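Encoded as structure tokens, the structure appears first; notes follow it.
Computed from a predicted structure; not experimentally measured. Per chain, numbering begins at 1; letters A, B, ... match sequence-line order.
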Amino acid sequence: MASNSHQPIQGMSDIAFPDVALWQFIEQRAREIFARYRFSEVRTPVLEKLELFTHSLGDTTDVVTKEMYTLEDRGGRKFALRPEGTAGAIRYVASGGEETANARIFYIGPMFRCERPQAGRKRQFHQIGLEAVGAPNPLADAEVIALQVHLLAAWGLSGAKIRLNTIGLPEDRAAVVKGLREAIRPRLHELPEEAQQRFETNVLRLLDSKDEAVKKVIAGVPPVISFMSAESRAYLETVIATLRRLEIDVEVDPSLVRGLDYYVHTVWEVVHSGLGAQNALAGGGRYRINIGGREIDGVGFAMGVERVIASLEATGITATQFAPPPPVFIVSLGEAALNENLLLLQTLRQRGIACEMELAERKVQAQMRRANKCGAQHVIIRGDSELEKGIFVLKNMADGTQREVELPELMELLTH
RNA sequence: GUGGGUGUAGCUCAGUUGGUUAGAGCGCCAGAUUGUGAUUCUGGAUGUCGCGGGUUCAAAUCCCGUCACUCACCCCA
């Protein structure tokens, strides 16, 4: 591989044929489902003020402190390439673009995080996300999860699982942290040094640790909900009961935590076994974001398109299955026919038929090879002799048969 | 940011303890077939061996650096 100058920068990639067909399918299905659930699209800028993210995601979170691409303009104003979509979408809602009481919006687009790339992680990655704005209501959480399950099915993805938990109300946080510390403290010496530090700085993070020693200790710790208020517990119960009524299968996982500060109550993620270490293809949750002194509540999710694709591919679905339909190819022989065929080409395209032709005078053999390569099902052969007779030779590439037809019949055959 | 693996033709990859003209398959181009693809046969072209430096009579091969890809940690979609 001659690797250098004409490659995109690290962790970013060109998405082109044939892969792009799968991307288009995924986006198109998402738009269909979102429309059915009455969400409308918002396209916010990729660049936002830096404070938008530091304030909403939390200025001590990893995403904000070490993963954002930031820049300054000539006036010294600080901006960041969006690392996620919720902050921008909610900024839009707060700007008055939507009624904040019940805005329902979705977005599709690139996000940027300057991390070391690995399986399922790019520096420019793509998310399909959705936000249902409105006061906390467990039925809204369930509705959004139901939509997400519907979308997974519309993509034809099998084997995805939903893990769900609550992180409770902000008022519960102190009690949860205290409760966890008390439960873990007797076995603190069993934890590796790094985990012991985290015990002080962010106990919640210990819950989803991959370290075996930590897992062992965590297994003996009461679930986080046991430290929460009755209100938080009831909220989770209603979400679970509603999902059950909707026949949506979720696994309640007390160890699930989220890394962004804006989450309140319900959090969940969609995992798939075909993914490797980064096994979540989507993350979701209820949040409360303060923008310009205004508190906005909502529930939403973001799905990583690259990870959705990896999951689909793990189940045997490939991009070639979504390739565009086969074109018609026009073969010319002689200058006069070439010029006439150019008109035919344009006519066919205006009638809605995808077709292409060789624009230079080349041997029939070479043109046929090209026709075969582009996947043409039908080839129209028109040389100077057909031109004189006013006919077209229509060849079926699958069985090799061909027949002479006049224009009306040609159109008839190709439009069906 | 930390650690492991990998960079040889358009693609997938061989290349033996350093040894002279660096290979294969697929693809590509051409001919067999002077107006017919795919199949078959025959022939052909293509490499700064990722990049830079070093050791050596001699480096794709050994050493150092660097860049990229990849996997994992961290964290997340």
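For RNA chain B, the stems formed by at least three consecutive Watson-Crick or G-U pairs, with both atom-pair distances below 3.5 Å, span B:1-7 with B:67-73, B:10-13 with B:23-26, B:28-32 with B:40-44, B:50-54 with B:62-66.
By the 30° and 60° cut-offs, the orientation of the rings of Trp23(A) relative to His126(A) is perpendicular.
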Between the protein and nucleotides 37-40 of chain B, are there any N/O to N/O pairs under 3.5 Å, and if so, what are the atom names and distances?
unit_1	atom_1	unit_2	atom_2	d
G37(B)	OP1	Gln365(A)	NE2	3.4
G37(B)	O2'	Met368(A)	O	3.3
G37(B)	O2'	Asn372(A)	ND2	3.4
G37(B)	N1	Met397(A)	O	2.7
G37(B)	N2	Asn372(A)	OD1	3.3
G37(B)	N2	Met397(A)	O	2.8
G37(B)	N3	Asn372(A)	OD1	3.4
A38(B)	O4'	Asn372(A)	ND2	3.1

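On the C1' atoms, A9(B) is 25 Å away from C62(B), given to the nearest whole Å. Separating the P atom of C71(B) from that of C63(B) is a span of 26 Å, rounded to the nearest Å. Spacing between U66(B) and G4(B) at atom P, rounded to whole Å, works out to 14 Å. If you take atom P in A38(B) and the same atom in C28(B), they sit 9 Å apart, rounded to whole Å. Taking atom P in both A22(B) and A32(B), the straight-line distance is 33 Å, to the nearest Å. Atom name P, nucleotides A72(B) and A59(B): the rounded distance is 39 Å, in whole Å. Using C1' as the reference atom, C51(B) and C67(B) are 7 Å apart when rounded to the nearest Å. A distance of about 44 Å separates the C1' atoms of U42(B) and C57(B), rounded to the whole Å.
Per the geometry, NZ belonging to Lys363(A) stands 11 Å off P belonging to U33(B), to the nearest Å. In this structure, CD of Gln367(A) is placed 10 Å from C1' of U36(B), rounded to the nearest angstrom. When rounded to the nearest whole Å, the span between CD of Glu193(A) and C1' of C74(B) equals 16 Å. In this structure, CE of Met12(A) is placed 11 Å from P of C69(B), rounded to the nearest angstrom. For Arg123(A) and C75(B), the CZ to C1' distance is 14 Å, given to the nearest whole Å. Taking atom CD of Gln10(A) as the reference point, atom C1' of G1(B) lies 12 Å away to the nearest angstrom. We find that CG of Leu333(A) is positioned 12 Å from P of U34(B), with the value rounded to whole Å. The nearest whole Å value for the distance from the CG atom in Asn202(A) to the C1' atom in C74(B) is 13 Å.
Looking at residues two or more places apart in sequence or on another chain, you find a salt bridge (charged side-chain N to carboxylate O under 4.0 Å, His left out) between Glu356(A) and Arg370(A). Qualifying salt bridge (charged side-chain N to carboxylate O under 4.0 Å, His left out) partners for Glu182(A), counting only residues two or more places apart in sequence or in other chains: Lys178(A). Taking the ring-ring contact (aromatic ring centres under 6.0 Å, His included) definition, one finds that Phe39(A) meets it with nothing, sequence neighbours left out. In this structure Tyr69(A) satisfies the ring-ring contact (aromatic ring centres under 6.0 Å, His included) test with no other residue, sequence neighbours excluded.
For the pair Phe125(A) and Lys210(A), nearest-nucleotide mapping onto RNA chain B gives the more 5' position to Lys210(A). Map Gly304(A) and Gly11(A) each onto its nearest nucleotide of RNA chain B; the residue landing nearer the 5' end is Gly11(A).
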Acceptor/donor pairs from residues 192-199 of chain A side chains to any protein atom, 3.5 angstrom cut, sequence neighbours excluded:
unit_1	atom_1	unit_2	atom_2	d
Gln196(A)	NE2	Leu188(A)	O	3.2
Gln196(A)	NE2	Leu191(A)	O	2.9

Without placing hydrogens or testing angles, list every side-chain donor-acceptor pair under 3.5 Å for residues 142-149 of chain A, not counting sequence neighbours.
unit_1	atom_1	unit_2	atom_2	d
Glu143(A)	OE1	Arg104(A)	NH1	3.3
Glu143(A)	OE2	Arg104(A)	NH2	2.7
Gln148(A)	OE1	Trp268(A)	NE1	2.7

For residues 276-288 of chain A, dump all side-chain donor-acceptor pairs below 3.5 Å to protein atoms at least two apart in sequence or in another chain.
unit_1	atom_1	unit_2	atom_2	d
Arg286(A)	NE	Asp141(A)	OD1	2.9
Arg286(A)	NE	Asp141(A)	OD2	3.4
Arg286(A)	NE	Tyr235(A)	OH	2.8
Arg286(A)	NH1	Gly298(A)	O	3.4
Arg286(A)	NH2	Asp141(A)	OD1	2.8
Tyr287(A)	OH	Glu131(A)	OE1	2.6
Arg288(A)	NE	Asp297(A)	OD1	2.8
Arg288(A)	NH2	Asp297(A)	OD1	3.3

List the atom pairs, donor and acceptor, that lie under 3.5 Å between side-chain atoms in residues 55-64 of chain A and the rest of the protein, sequence neighbours left out.
unit_1	atom_1	unit_2	atom_2	d
Ser56(A)	OG	Leu52(A)	O	2.6
Thr61(A)	OG1	Gly58(A)	O	2.8

Would you be so kind as to tabulate the donor-acceptor pairs closer than 3.5 Å made by side chains of residues 397-404 of chain A, with sequence neighbours excluded?
unit_1	atom_1	unit_2	atom_2	d
Asp399(A)	OD1	Thr401(A)	N	2.9
Asp399(A)	OD1	Thr401(A)	OG1	2.7
Arg403(A)	NH2	Glu409(A)	OE2	2.4

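The residue Gly375(A) sits apart from the nucleic acid: no heavy atom pair falls under 4.0 Å. Leu281(A) comes within 4.0 angstrom of sugar-phosphate atoms only, judged by non-hydrogen atoms across all strands, and of no base. At a threshold of 4.0 angstrom between heavy atoms, the contacts of Ile381(A) include nucleobase atoms, whether or not backbone atoms are also involved. Across all strands shown, Glu386(A) has heavy atoms under 4.0 Å from base atoms, whether or not it also approaches the sugar-phosphate.
A ring-centre distance under 6.0 Å is not found for His378(A) and Phe329(A).
Within 3.5 Å, no donor on the side chain of Arg116(A) pairs with an acceptor on the base of C73(B), nor the reverse. The base of C75(B) is not paired with the side chain of Gln118(A) by any donor and acceptor separated by under 3.5 Å. Judged by distance alone with a 3.5 Å cut-off, a donor-acceptor contact links the side chain of Gln278(A) to the base of C75(B).
Checking side-chain atoms of Glu335(A) against main-chain N and O of Leu338(A) turns up no donor-acceptor pair under 3.5 Å. The backbone N or O of Leu169(A) lies less than 3.5 Å from a partner atom in the side chain of Asp172(A), making a donor-acceptor pair.
Residues from residues 305-321 of chain A with heavy atoms under 4.0 angstrom of RNA chain B, sorted by number: Arg307(A).
Of the candidates C69(B), G3(B), C74(B), C74(B) carries the atom nearest the Arg198(A) side chain, counting heavy atoms from C-beta on.
Using a cutoff of 4.0 Å between basic side-chain nitrogens and carboxylate oxygens, Glu386(A) and Lys389(A) are not scored as salt-bridged.
OP1 or OP2 of C71(B) has not a single side-chain nitrogen or oxygen of Arg121(A) nearer than 4.0 Å.
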